[in-house]
> 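I'd like to ask you about the structure that follows.
A note on names: the letters A, B, ... follow the listed sequences, proteins ahead of strands, and every chain is numbered from 1. The structure presented is a predicted model; accordingly, all values stated were derived computationally and were not measured. Just so you know, these numbers use all the heavy atoms, side chains as well, and skip hydrogens, waters and symmetry mates.
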2 protein chains.
Amino acid sequence: MARAARDPEERIRERNMRLIIKAGIEIFARKGFDGTRIAEIAEASGLPKANVYYYFSSKEEIYTAIIAHLLASWDDALKYISPEREPAEAFKLYIKAKLEYTRKNMAESRLFASEIIQGARFLSRKDREHIRQVTDTHVAVVEGWIAAGKMLPVDPRHLFIMLWASTQFYSDFEPVAVDALKKPRLKADDYEKAAATITETILRGILRQP
Amino acid sequence: MARAARDPEERIRERNMRLIIKAGIEIFARKGFDGTRIAEIAEASGLPKANVYYYFSSKEEIYTAIIAHLLASWDDALKYISPEREPAEAFKLYIKAKLEYTRKNMAESRLFASEIIQGARFLSRKDREHIRQVTDTHVAVVEGWIAAGKMLPVDPRHLFIMLWASTQFYSDFEPVAVDALKKPRLKADDYEKAAATITETILRGILRQP
DNA sequence: TTGAAAGTTGACACTTTGGTCAGCTTTTGT
DNA sequence: ACAAAAGCTGACCAAAGTGTCAACTTTCAA
């Protein structure tokens with residue numbers, strides 16, 4: 001039988017799919033779904049267009065593969081919001097993790113933002129249900145903290161939106177962030193300063209005063 | 001001479017250009033620049049495609065006309081950040097105005113977000129210089145408040161980013177906001193609740209405690 | 001070594017796109 | 001009333017787009 005050996009067999013396939021996905025992330029992020037041309041993805045990944053179609057049968061298939069991969073690695077930053085932690089510590093870690101993630105995965109972050117702005121056309125019901133459920137879990141944790149008197153009674157859903165929005169901004173809207181901060185480009189310490197400002201302001205805003 | 005009478009002459013031109021711009025805002029917002037088809041704008045504005053080209057000589061011209069119009073009406077919400085006001089009052093009004101504006105001009109807001117995410121390709125140097133300058137002015141106001149001991153020493157640039165990000169989110173990323181808030185769609189009182197939460201949290205975060 | 005599966009790709013078919021244009025109708029100052 | 005300017009539009013391109021395919025090369029278990 002001609003089945004290639006497990007390891008090397010998967011290697012070519014995986015390598016090329018990874019190249020395509022990687023190029024796709026960059027270009028979908030910059031151009032959105034409708035604006036992206038398969039030929040451009042092909043060029044950026046160094047493969048002929050027909051080869052791209054050998055692995056993915058349509059533009060939509062590439063796009064949804066990216067979205068799926070992205071959502072899978074998405075929940076990670078939220079793991080810090082857990083009931084065992086003190087809110088101050090939890091939010092601090094969350095903000096830091098979120099900013100680091102978006103900084104190191106700018107294209108992914110923008111692609112997701114783009115998808116949402118364009119109406120979340122390719123987020124499945126299941127995807128959205130998942131988002132809702134993850135939010136619910138963390139809302140419950142915050143409600144627990146409020147009930148325990150560890151936090152002021154702030155609406156947890158709006159609070160999460162504030163955090164999400166503030167942390168996404170630096171990567172998603174980098175050109176504006178750059179202008180607002182008067183920097184030629186954002187570097188690690190700009191993200192650290194952002195984390196500090198967001199953390200300090202939000203914590204003072206939600207914790208009982210000492 | 002065949003020059004039409006000022007008033008009615010301008011009326012047709014203006015009406016049609018307005019129709020095109022209006023349709024353009026919706027579609028550019030949903031599809032981004034590259035993803036938008038002139039034929040779609042034509043259809044949405046109820047005019048034949050050739051008629052669209054009678055008023056605008058290219059896709060880019062429609063797009064930049066929209067951006068220009070948008071930036072012009074952009075500064076308004078920031079007028080509340082002025083040195084005569086007390087910070088508490090100023091930020092409260094600013095947050096309210098910004099949320100109201102984005103709610104009532106969702107498509108514009110998304111179009112701008114889309115433009116930024118896609119790299120701000122059509123923002124001119126002048127546009128960006130303008131943004132920088134407006135920011136500087138308001139940063140100076142905040143610095144004045146800090147120097148006067150009316151506010152805690154919060155980095156004003158990061159603070160403005162927090163405010164901008166938090167207020168934009170509800171319109172730009174509505175599908176996620178809807179899921180996070182567990183509402184079928186956002187209504188006026190969701191925006192009011194958002195304004196209240198953002199205002200309360202931020203104010204506690206930046207004002208000296210009484 | 002071999003042959004079947006996996007991978008590769010230039011060339012092609014078909015559709016959609018941005019943009020043009022020639023000739024039409026409507027409007028309007030005189 | 002009328003001519004010139006303004007407005008309108010179906011039909012048309014060239015270019016660019018998505019997706020297909022048949023024929024080729026590479027890989028690898030037996």
> What is the distance, rounded to the nearest whole Å, between atom CG of A:N51 and atom C1' of C:dT8?
6 Å
> Should the pair B:F33 and B:F122 be assigned to parallel (<30°), tilted (30 to 60°) or perpendicular (>60°) ring geometry?
tilted
> Looking at the side chain of A:I38, which of C:dT8, D:dG19, D:dC8 is the nearest nucleotide?
D:dG19
> Heavy atoms under 4.0 Å, any strand shown: does A:K59 hit a base, just sugar-phosphate, or nothing?
sugar-phosphate
> Given that A:R37 and A:S57 both sit by DNA chain D, which one's nearest nucleotide is further toward the 5' end?
A:R37
> Atom CG of B:D34 and atom C1' of C:dT16: how far apart are they, to the nearest Å?
15 Å
> Quick one: A:M17 CE to C:dT8 C1', roughly how many Å, whole number?
16 Å
> If you compare every side-chain N and O of B:Y53 against the phosphate oxygens of C:dC21 (OP1, OP2), does one of them come in below 4.0 Å?
no
> Got a salt bridge between A:E129 and A:R132, using NZ or NE/NH1/NH2 to carboxylate O under 4.0 Å?
yes
> Can a salt bridge be assigned to the pair B:D136 and A:K182 using a cut-off of 4.0 Å between side-chain N and carboxylate O?
yes
> Let me know the distance between CZ of B:R15 and C1' of C:dT26, rounded to the nearest Å.
13 Å
> Nearest-Å distance, CG (B:L19) to C1' (D:dG7)?
14 Å
> C:dT8 phosphate, OP1 or OP2: any side-chain N/O from A:N16 under 4.0 angstrom?
yes
> Of the nucleotides D:dG19, C:dG10, D:dT9, which has the atom closest to the A:K49 side chain?
D:dG19
> C:dG18, C:dG7, D:dC8: which one has an atom nearest the side-chain heavy atoms of B:Y54?
D:dC8
> Would you find more than 12 non-hydrogen atoms of other residues, nucleotides or ligands less than 6.0 Å from B:K96 atom NZ?
no
> Tell me whether the OP1 or OP2 atom of D:dG7 has a side-chain N or O from B:R13 closer than 4.0 Å.
yes
> What is the distance, rounded to the nearest whole Å, between atom CD1 of A:I62 and atom P of D:dT18?
10 Å
> Measure the distance from CD on A:E61 to C1' on D:dT20 and round it to the nearest whole Å.
15 Å
> Checking contacts here: which listed nucleotide (D:dT18, C:dG18, C:dG19) is nearest the side-chain heavy atoms of B:S58?
C:dG19
> Among C:dT9, D:dC8, C:dG18, which nucleotide sits nearest the side chain of B:Y55?
D:dC8
> Using a strict 4.0 Å threshold on nitrogen-to-oxygen distance, state whether B:E43 and B:K49 make a salt bridge.
no
> Using atom CZ of B:F56 as one end and atom P of C:dT20 as the other, report the distance to the nearest whole Å.
15 Å
